[in-house]
Amino acid sequence: LACAVAIWPPYERDGVPGQIHLGLDLRGGIHLVLQVVVEDALNATVDDAVTTARDQATRKGIQFGAVTRASPTSFSVEGTEPARVKDMRDVLRDYFRGSWEVRESGEGKFTVEMTELYQRQLKDQTVQEAQRTLERRVNALGVAEPIIAVQGGRGDQILIQLPGVTDVEQAKRIIKTTAQLSLKLVESSAPSPETLLQGTGGKVPDNMEMLSGPSDTPGQPTYYLVRREAMITGRDLKSARVGVDESNQPQINFSLNALATDKFSRETGRNIGRQLAIVLDGTVYSAPVIQSKLGSDNRITGRFTTQEADELAKILKAGALPATLRYLQELTVGASLGRDSIRDGVRASIAAMAFIAIFMLVYYRLSGLNAVVALAANLLIVLAALAYSNATLTLPGIAGIILTVGVGVDTNVLVFERIREELRNGKTV
């Protein structure tokens, strides 16, 4: 009786969820395996270090040539004035102590590289942060009982299973969108890459990158030469929400945390009159001119539909992913396929139960009734155990239940055959 109460209702009825939790292959939904490209997080950390080194050296009045990222795990300082080499060395060792190694690679030249331990810590932290961000995004979808887990030998893969998802396309868009927001200063813009690079000898400078964005002419993008180093990134966001602009078109309002607000105010104050590119996933959404010093509350405008703005705000609010995701496996199971699997599995289970019940009743007669009752109780207890422990029933699980029906009578067969053997030897019942 307790087991019967535990499993009722066993499946969803009138919007009330069932006590038996069905897996992805029975309810339908999405199965994804993603790989976190941890090099993106390493690059972002080095870029932050480049900004720190440049700002601190400037505050100390040290003249230098350039501070640039040399690799995903190191940056270099070149052209330090000979009289201030010791001061530059002291600045680097003060601000990059412990997790970084500072080496002099020539007169006035330094190389600062992450330690192996710090690299491993950053990689683990990136994967964990990506997992938490994906969990927040999935929660925004309202998916019940999702599975989001780290897997793989290198620990850089994330498994996502979303059973029972109805709007599969929306879920895939929200999960797949990296939503790496960055605000970067624009050096120049042009209608074609060739025109854009005329002033730089036909190639992109090391501290720059070329990005494309929409223009006023449909089908003809505008190309921007922007600073590789971002002024603000998605990690600096405090909140994001949908709003409307002066033309009643959708826009995304966002606010920055306190530390980022100070930096943003300082940098925009220095660059009044220049364009600031708002970059999402490598595409320039808009490039407004900085009219004055900006603060905590800002906005992103572009050619958004209401649905696009809503989805983008959800993604930014849940948090930008710390690194790009590479999709290794994608499987979508339709709800109709899941219902077919359940129907076929239940039919197979009933057929197995009926065949064995008939066999036991015919061969052992009234004694076989004991086996049939015990077998039914066995199945009820298995299902109740699933319900009590919140375990998930999958298609292989149904196959296991069918197998249980088959082997569940073995003890009864042995006992009944032993009783018959004793009766043949003249024993009474």
Side-chain angles (χ1 to χ4, degrees), residues 1-29 31 143-147 149 151 159 161-164 331 333-429:
L1 287 175
C3 291
V5 170
I7 67 169
W8 191 261
Y11 54 88
E12 185 176 342
R13 297 181 64 183
D14 301 327
V16 179
Q19 297 300 320
I20 304 296
H21 302 290
L22 302 180
L24 183 73
D25 52 357
L26 298 180
R27 292 181 62 187
H31 170 101
V143 179
E145 300 162 11
I147 296 175
Q151 66 172 28
L159 166 70
Q161 288 189 342
L162 307 179
L331 175 67
V333 180
S336 60
L337 180 62
R339 286 194 293 270
D340 291 343
S341 298
I342 294 173
R343 184 173 59 252
D344 293 343
V346 170
R347 282 178 179 172
S349 301
I350 292 173
M353 183 79 178
F355 177 81
I356 291 175
I358 292 170
F359 172 80
M360 296 300 289
L361 291 172
V362 169
Y363 196 71
Y364 295 112
R365 303 201 174 131
L366 194 58
S367 296
L369 186 60
N370 293 331
V372 173
V373 172
L375 187 58
N378 183 13
L379 288 176
L380 191 59
I381 292 170
V382 169
L383 294 175
L386 284 172
Y388 269 125
S389 60
N390 289 323
T392 301
L393 179 63
T394 61
L395 195 57
I398 292 179
I401 289 175
I402 296 171
L403 179 63
T404 302
V405 171
V407 302
V409 294
D410 60 350
T411 304
N412 301 88
V413 170
L414 292 173
V415 171
F416 295 161
E417 288 300 320
R418 178 66 175 158
I419 290 174
R420 282 185 170 181
E421 187 179 313
E422 293 296 333
L423 289 173
R424 284 195 294 269
N425 290 333
K427 300 280 183 70
T428 63
V429 172

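Numbers here are sequence positions counted from 1.
- Applying the side chain to side chain contact (heavy atoms under 4.5 Å, CB included) criterion to Glu417, with sequence neighbours excluded, gives Tyr363, Tyr364, Val413, Arg420.
- Rounding to the nearest 0.5 Å gives a distance of 5.0 Å between CG of Leu383 and CD1 of Ile401.
- Applying the side chain to side chain contact (heavy atoms under 4.5 Å, CB included) rule to Leu403 yields the partners Val407; only residues at least two apart in sequence or on another chain are considered.
- Of all non-hydrogen atoms in Ala348 and Ile402, the two that sit nearest each other are CB-CD1, 3.5 Å.
- Under the rule for a side chain to side chain contact (heavy atoms under 4.5 Å, CB included), Ala354 has no partner lying at least two apart in sequence or in another chain.
- For the pair Lys427 and Leu423, the tightest heavy-atom approach, listed with the atom from each and the gap, is O-CD2, 3.4 Å.
- Considering only residues two or more places apart in sequence or on other chains, Ala6 meets the side chain to side chain contact (heavy atoms under 4.5 Å, CB included) condition with Ala384, Tyr388.
- The minimum heavy-atom distance between Pro146 and Leu162, with the atom names listed, is CB-CD2, 3.7 Å.
- Note: Ile7 CD1 to Leu379 CG = 10.0 Å, rounded to the nearest 0.5 Å.
- Residue pairs meeting the side chain to side chain donor-acceptor pair (under 3.5 Å) criterion with at least one member in residues 405-416, sequence neighbours excluded, do not occur.
- Annotation for Leu375 and Val409: closest pair CD2-CG1, 3.9 Å, computed over non-hydrogen atoms.
- Shortest non-hydrogen contact noted between Val372 and Met360 is CG2-CB, 4.4 Å.
- Annotation: Leu366, atom CG; neighbour count of heavy atoms from other residues, nucleotides and ligands within 6.0 Å does not exceed 12.
- Every residue two or more places apart in sequence or in another chain was checked for a salt bridge (Lys or Arg N to Asp or Glu O under 4.0 Å) with Arg424, and none qualifies.
- You'll find the side chain of His31 reaches within 4.5 Å of the side chain of Leu159, heavy atoms only.
- For the pair Gly397 and Leu393, the tightest heavy-atom approach, listed with the atom from each and the gap, is C-CD1, 3.9 Å.
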